[in-house]
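Right, one structure below, let's go through it.
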Amino acid sequence: MLNKKFFERPTLEVARNLLGCCLINGECVGKIVETEAYLADDPASHSFRGKTARNAAMFGLPGTAYVYFVYGNHYCFNVVTAPEGVGEAVLIRALEPLKGIGLMKKRRRREDVLQLCNGPGKLVEAMDIKMKNNGKNLMEGSLRLELRAVPGRIVSCERIGISLGKELPHRFFINGNKFVSKSKTKDI
DNA sequence: CCGAGGATCATCT
DNA sequence: GATGATCCTCGGT
């Protein structure tokens with residue numbers, strides 16, 4: 001179980017430290033292998049233009065979930081990081097499935113284990129994360145985070161799928177991990 | 001392997 | 001009316 005101290009550091013550092021942590025929901029468990037940081041002064045961040053009904057959870061206590069709906073089809077899952085009111089979060093972009101893989105396959109309607117959680121919308125579907133999880137504390141409860149294992153070598157690069165702030169190297173992943181999204185990513 | 005295009009809707013201009 | 005922190009299918013190479 002993660003504690004408050006885990007989040008008492010800069011968001012970019014938390015984004016790195018979340019790699020190797022486990023996300024748990026019911027019988028399903030996945031190891032975080034890819035993250036992206038979104039800072040308060042970052043034009044790509046939902047919090048950039050201030051608090052609204054949609055992004056309110058992002059301004060909540062560190063360690064809470066920020067879930068939002070995008071592209072008419074998908075949800076994305078973030079972990080709030082900065083102190084309350086600041087508006088920073090880490091987008092969870094990929095998991096390595098560890099437990100409950102059969103259930104993940106059913107929810108995703110796919111058999112290929114590599115395709116279950118290798119993208120932000122995919123892992124939300126596989127882990128059955130819903131809007132009702134928005135604003136909930138991830139240090140306790142049914143959807144929660146567990147402390148990191150040794151994650152291997154971490155590398156960073158530009159973020160994916162955004163138009164603003166592209167140049168910022170705020171994407172982090174475990175080098176060589178097969179479950180990272182955009183698997184063509186070269187080993188560095 | 002890669003790129004283009006469609007699905008689909010809440011939010012903002 | 002346009003856009004978006006995405007995913008999937010299809011067609012070309």
Side-chain angles (χ1 to χ4, degrees), chain A residues 10-16 18-19 21 23 30 32-60 62 64-82 86-97 104-136 138 143 145 155-174 176 178-187:
Chain A
T11 295
L12 289 175
E13 222 172 290
V14 176
R16 279 178 173 271
L18 279 168
L19 294 173
C21 289
L23 182 65
I32 298 173
V33 297
E34 180 182 352
T35 62
E36 278 181 2
Y38 286 87
L39 308 185
D41 64 350
D42 173 355
S45 173
H46 288 175
S47 62
F48 185 65
R49 290 169 204 288
K51 190 171 173 177
T52 66
R54 181 206 200 194
N55 65 20
M58 205 171 163
F59 291 84
T64 62
Y66 168 44
V67 182
Y68 68 92
F69 185 62
V70 72
Y71 287 113
N73 293 318
H74 305 286
Y75 295 90
C76 291
F77 168 68
N78 298 251
V79 181
V80 178
T81 53
V86 175
E88 300 192 342
V90 174
L91 171 69
I92 307 303
R93 283 197 56 91
L95 303 175
E96 177 177 338
M104 292 185 189
K105 286 181 178 176
K106 194 188 288 183
R107 289 173 181 149
R108 292 268 304 124
R109 301 171 301 282
R110 304 245 172 266
E111 283 301 311
D112 183 357
V113 181
L114 289 175
Q115 297 291 321
L116 294 178
C117 297
N118 64 335
K122 298 180 185 181
L123 69 92
V124 161
E125 186 173 34
M127 294 292 289
D128 201 33
I129 296 170
K130 298 286 204 283
M131 279 308 294
K132 69 173 191 209
N133 294 297
N134 189 39
K136 293 282 170 57
L138 293 165
L143 178 66
L145 292 164
V155 294
S156 65
C157 65
E158 298 80 13
R159 293 173 294 186
I160 294 178
I162 56 173
S163 50
L164 298 171
K166 272 181 176 153
E167 70 289 355
L168 299 171
H170 291 181
R171 177 182 182 228
F172 303 92
F173 58 94
I174 297 177
K178 288 191 284 251
F179 297 90
V180 170
S181 73
K182 313 279 182 187
S183 53
K184 56 184 173 180
T185 13
K186 67 265 180 186
D187 283 0

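Given the structure is predicted, the values throughout are model-derived calculations rather than measurements. So that the names make sense, note that chain A is the first sequence line, chain B the second, and so on, each numbered from 1.
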>> With hydrogens left out and only the distance checked, is there a donor-acceptor pair under 3.5 Å joining A:Tyr71's side chain and the base of B:dA7?
In response: no
> Can you tell me if CZ on A:Arg49 sees more than 12 non-hydrogen neighbours from other groups inside 6.0 Å?
Replying inline: no
>> Looking at C:dA5, I'd like to know if its phosphate oxygens (OP1 or OP2) sit under 4.0 Å from a side-chain N or O belonging to A:Lys166.
In response: no
>> Between A:Thr64 and A:Lys136, does the side-chain contact (heavy atoms from CB on, under 4.5 Å) criterion hold? Intermediate values first, please.
In response: CA-CA 5 Å; A:Thr64 62; A:Lys136 293 282 170 57; over 6 Å; no
>> Using OP1 and OP2 only, check whether a side-chain N or O of A:Arg93 sits under 4.0 Å from C:dT6.
In response: yes
> For C:dT9, does OP1 or OP2 lie under 4.0 Å from any side-chain N or O of A:Arg110?
Replying inline: yes
> Under 4.0 Å: is that the gap between some side-chain N or O of A:Arg108 and OP1 or OP2 of C:dC7?
Replying inline: no
>> Looking at A:Phe77, I'd like to know if the NZ or CZ of A:Arg93 sits under 6.0 Å from its six-membered ring centre while staying within 45 degrees of the ring's axis.
In response: no
> Do A:Glu96 and A:Ile32 have side-chain heavy atoms sitting under 4.5 Å apart?
Replying inline: no
> What residues form a ring-ring contact (aromatic ring centres under 6.0 Å, His included) with A:Tyr71, not counting sequence neighbours?
Replying inline: none
> Dot-bracket for DNA chain B, 5' to 3', with Watson-Crick and G-U pairs under 3.5 Å, [ ] for crossing pairs and | for other-strand pairs: what is it?
Replying inline: |||||||.||||.
> Quick one: on DNA chain C, does A:Ser163 or A:Glu125 contact a more 5' nucleotide (nearest heavy atom)?
Replying inline: A:Ser163
